[in-house]
Amino acid sequence: MFQHDKTITLQGIVDYPIIGQRVMLKKASPDDAEFLSKWYNTKAFRRLFRLSHTRPFSVDSIAEGLVQKNNLLNTLRQIEWIVWRKQKTAESLLPIGLVNLVDVNQIHKTAELQIGIVSPDDRVSGIAAEASFLAMEFAFKVLALFKLHTFVYGFNHHSQKSTVSLGFTQEGILREQYWDPYEQKHIDLYFNGLLSREFWKNERIAKLSSRLLGRDITLQKSVSQLPSVKMYSHNRQQLSEIKVLLSKSFFDQKQKKREAPSQ
């Protein structure tokens with residue numbers, strides 16, 4: 001049975017990126033505020049991920065919010081990662097979305113999983129599933145949670161179908177639970193759950209994670225054996241390479257912004 005390695009702190013673990021085959025989860029920081037502001041101020045993304053937020057988001061307000069959220073790591077309440085995708089034609093990484101664990105309850109051992117991918121192409125190419133599996137592995141192996149749950153807007157049928165395909169069970173529908181400010185009406189919410197014992201025995205998760213991540217995330221291992229901890233806490237060269245990729249990615253984004261014609 002899985003046991004915590006008490007010599008490893010959550011703060012230390014979250015500071016390391018979690019690596020998949022095509023994506024990486026990196027803890028969100030104030031440095032990410034510029035492109036987060038662009039996402040949050042895009043109606044299409046906001047409607048699928050942050051429906052209740054209709055006011056504009058400034059770079060400064062997002063940066064300040066990330067400082068506050070990162071302070072919550074000490075109380076194990078919330079973790080927010082940026083999803084970075086490896087680019088095929090360049091030696092750099094591209095930020096493509098968010099994965100969050102929120103309302104982490106250490107008494108009940110539960111948390112809500114949230115994921116928002118900007119590009120529709122990345123949502124259907126297995127990228128979203130790979131990022132979700134990395135977060136699920138962290139939740140059940142590092143945090144030793146008993147249950148993960150998700151809320152899905154009633155109109156987002158693709159997301160609901162994808163959530164169930166990742167091993168979650170639809171436990172109910174909250175009828176007209178949420179106000180949609182764009183359609184000016186109340187909408188349903190799907191409520192989905194995944195118990196830890198279901199996670200460990202799920203053959204579909206085992207097969208799909210082996211294909212997408214190159215490893216079966218349902219195998220019960222200690223925290224120190226996780227790629228997110230052991231590999232990246234001891235392999236300083238790889239961490240340095242990741243920092244170089246991230247630095248180049250930020251440079252590429254700023255260069256494109258400077259070269260873009262003014263409106």
Side-chain angles (χ1 to χ4, degrees), residues 23 25 28 39-40 42-54 69 77-83 96-105 107-140 143 145-209 212-213 217-218:
V23 302
L25 305 187
W39 295 349
Y40 289 157
T42 301
K43 178 181 176 181
F45 177 78
R46 196 167 59 221
R47 189 159 190 268
L48 294 178
F49 188 67
R50 296 280 173 90
L51 185 59
S52 62
H53 294 172
T54 57
K69 288 179 181 179
R77 291 293 295 167
Q78 178 168 332
I79 304 171
E80 184 168 336
W81 290 288
I82 304 293
V83 182
I96 62 167
L98 291 166
V99 174
N100 301 336
L101 288 176
V102 302
D103 294 332
V104 180
N105 190 307
I107 296 176
H108 302 298
K109 293 293 183 181
T110 59
E112 178 186 349
L113 174 65
Q114 300 176 340
I115 181 167
I117 301 298
V118 178
S119 169
D121 292 337
D122 287 330
R123 296 175 201 153
V124 298
S125 62
I127 292 291
E130 185 175 338
S132 297
F133 281 149
L134 291 175
M136 290 161 63
E137 182 180 39
F138 185 93
F140 288 119
L143 298 184
L145 294 185
F146 177 75
K147 182 178 183 178
L148 276 178
H149 65 265
T150 71
F151 292 101
V152 178
Y153 299 138
F155 59 79
N156 197 345
H157 304 297
H158 171 74
S159 180
Q160 177 61 16
K161 183 178 179 180
S162 298
T163 300
V164 173
S165 73
L166 292 178
F168 286 81
T169 297
Q170 180 181 318
E171 298 185 0
I173 297 178
L174 304 177
R175 297 178 303 149
E176 299 184 23
Q177 177 76 12
Y178 215 76
W179 176 251
D180 183 342
Y182 299 102
E183 297 296 326
Q184 290 291 297
K185 65 179 183 180
H186 283 89
I187 62 170
D188 297 340
L189 285 182
Y190 292 106
F191 181 78
N192 308 290
L194 176 63
L195 302 175
S196 58
R197 63 175 178 268
E198 296 169 339
F199 172 79
W200 300 123
K201 297 179 180 179
N202 192 300
E203 294 182 0
R204 176 172 172 76
I205 294 177
K207 292 179 180 179
L208 194 54
S209 64
L212 294 177
L213 296 176
I217 64 172
T218 66

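- A search for salt bridge (charged side-chain N to carboxylate O under 4.0 Å, His left out) contacts involving Glu171 returns Lys147, not counting sequence neighbours.
- Under the 3.5 Å distance criterion, the side-chain polar atoms of Arg46 are matched with a main-chain donor or acceptor of Tyr40.
- Between Glu80 and Leu98, the closest side-chain pair of non-hydrogen atoms falls below 4.5 Å.
- Gln184 contributes a side-chain N or O that, together with a main-chain N or O of Pro181, makes up a donor-acceptor pair within less than 3.5 Å.
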task: Take Leu194 and Met136, measure what side chain to side chain contact (heavy atoms under 4.5 Å, CB included) needs, and give me the verdict at the end.
output: CA-CA 10 Å; Leu194 176 63; Met136 290 161 63; 3.6 Å; yes
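- Under a 3.5 Å cut-off, the side chain of Arg123 and the backbone N or O of Ala128 do not form any donor-acceptor pair.
- Legend: residues meeting side-chain hydrogen bond (donor to acceptor under 3.5 Å, both in side chains) with Thr218, ordered by chain and number and at least two apart, are Asp216.
- In this structure Asp122 satisfies the side chain to side chain contact (heavy atoms under 4.5 Å, CB included) test together with Arg85, Ile96, Ile117, Ser119, Ser125, Ile127, sequence neighbours excluded.
- Remark: Asp180 engages Arg47, Leu51, Phe155, Tyr182, Glu183, Ile187 in a side chain to side chain contact (heavy atoms under 4.5 Å, CB included) (not counting sequence neighbours).
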- prompt: Hey, mind stepping through Phe191 and His149 against side chain to side chain contact (heavy atoms under 4.5 Å, CB included) and telling me if it holds?
  reply: CA-CA 7 Å; Phe191 181 78; His149 65 265; 3.7 Å; yes
- request: For the pair Leu134 and Val23, evaluate side chain to side chain contact (heavy atoms under 4.5 Å, CB included) and give the outcome as yes or no after the intermediate values.
  value: CA-CA 9 Å; Leu134 291 175; Val23 302; 3.9 Å; yes
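- With sequence neighbours excluded, no residue satisfies side-chain hydrogen bond (donor to acceptor under 3.5 Å, both in side chains) with Glu198.
- Rounding to the nearest 0.5 Å places CD of Glu130 at 10.5 Å from OG of Ser209.
- Under the 6.0 Å cut-off for aromatic ring centres, Tyr190 and Phe151 do not qualify, their centroids lying 6.0 Å or more apart.
- With sequence neighbours excluded, no residue forms a ring-ring contact (aromatic ring centres under 6.0 Å, His included) with His157.
- Annotation: the span from Asp188 atom CG to Gln160 atom CD amounts to 11.0 Å, rounded to 0.5 Å.
- Not one N or O on the side chain of Ser159 forms a donor-acceptor pair closer than 3.5 Å with the backbone of Asn156.
- Taking CZ of Arg50 as the reference point, atom OG1 of Thr42 lies at 13.5 Å (rounded to 0.5 Å).
- The shortest distance between side-chain heavy atoms of Val104 and Ile79 does not fall below 4.5 Å.
- Aromatic ring centres of Trp81 and Phe138 lie closer together than 6.0 Å.
- Remark: Arg197 pairs with Phe146, Leu195 by the side chain to side chain contact (heavy atoms under 4.5 Å, CB included) rule, at least two apart or across chains.
- Listed by chain and residue number, nothing satisfies the side-chain hydrogen bond (donor to acceptor under 3.5 Å, both in side chains) test with Thr110 (two or more places apart in sequence, or in another chain).
- Counting all heavy atoms, side chain and backbone alike, Ser132 lies closest to Ile115 at OG-CD1, 3.3 Å.
- Contact detail for Ile205 and Gly167: the closest heavy-atom pair is CD1-CA, 4.2 Å.
- In this structure Thr150 satisfies the side chain to side chain contact (heavy atoms under 4.5 Å, CB included) test together with Leu113, Val152, Thr163, Phe168, Asn192, sequence neighbours excluded.
- With sequence neighbours excluded, the residues that form a side-chain hydrogen bond (donor to acceptor under 3.5 Å, both in side chains) with Gln114 are Asn100, Glu112.
- Rounding to the nearest 0.5 Å places CG of Leu25 at 10.0 Å from CD of Glu137.
- Looking at residues two or more places apart in sequence or on another chain, you find a ring-ring contact (aromatic ring centres under 6.0 Å, His included) between Phe199 and Phe140.
- Ser165 is listed as a side-chain neighbour of Arg204, based on a closest heavy-atom distance under 4.5 Å.
- Atom CG of Asn202 sits about 9.5 Å away from atom CG of Leu208, to the nearest 0.5 Å.
- Annotation: the span from Leu101 atom CG to Leu145 atom CG amounts to 7.0 Å, rounded to 0.5 Å.
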